[in-house]
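Note sheet for the following structure.
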Amino acid sequence: FLSLFLSIATVGSLVFLAFWKWLPTHSWDAGRIMSVAIRQGIFLALAVVILVLFHLFALLTWWIALLIFLVFGLIELALDQ
């Protein structure tokens with residue numbers, strides 16, 4: 001699970017970094033954009049690893065997956081304020 005976490009966190013951070021540079025809605029400097037992108041990549045990786053664990057234990061349904069992503073989305077919204 002560590003390799004899955006690291007690969008999704010890396011790719012997710014790069015995608016979020018490109019997204020925030022392409023869509024400049026905030027007047028953040030490069031360091032702030034990088035820290036937000038890394039945090040979002042880590043949250044995405046944690047959500048995917050939790051989804052894989054739920055699937056491994058045969059507990060995963062579509063609404064549980066939706067709730068897991070919703071929880072991480074709400075955490076990101078709270079940290080962004």
_Heavy-atom closest contact (G41 atom, S13 atom, distance)_ = CA-OG, 3.7 Å

*Is there side-chain contact between F16 and L44, with at least one heavy-atom pair below 4.5 Å?*
yes

*According to a 4.5 Å side-chain heavy-atom criterion applied to Ile, Leu, Val, Met, Phe, Trp and Tyr, with indirect links allowed, do L14 and W22 form part of one hydrophobic cluster?*
no

*Do I38 and F19 belong to the same hydrophobic cluster, where Ile, Leu, Val, Met, Phe, Trp and Tyr are linked whenever their side-chain heavy atoms lie under 4.5 Å apart, directly or via other members?*
yes

Result block: side-chain N/O donor-acceptor pairs under 3.5 angstrom for residues 64-78, not counting sequence neighbours:
| residue | atom | partner | partner atom | Å |
| --- | --- | --- | --- | --- |
| E76 | OE1 | R39 | NE | 3.0 |
| E76 | OE2 | R39 | NH2 | 2.7 |
| E76 | OE2 | Q40 | NE2 | 3.4 |

*Is it the case that one hydrophobic cluster holds both M34 and L79, taking links as side-chain heavy atoms less than 4.5 Å apart, direct or via other members?*
yes

_Rounded to the nearest 0.5 Å, what separates atom CD1 in I33 from atom CH2 in W20?_
9.0 Å

Could you tabulate the donor-acceptor pairs under 3.5 Å formed by side-chain atoms of residues 1-10, not counting sequence neighbours?
| residue | atom | partner | partner atom | Å |
| --- | --- | --- | --- | --- |
| S7 | OG | S3 | O | 3.0 |
| S7 | OG | L4 | O | 3.0 |
| T10 | OG1 | L6 | O | 2.8 |

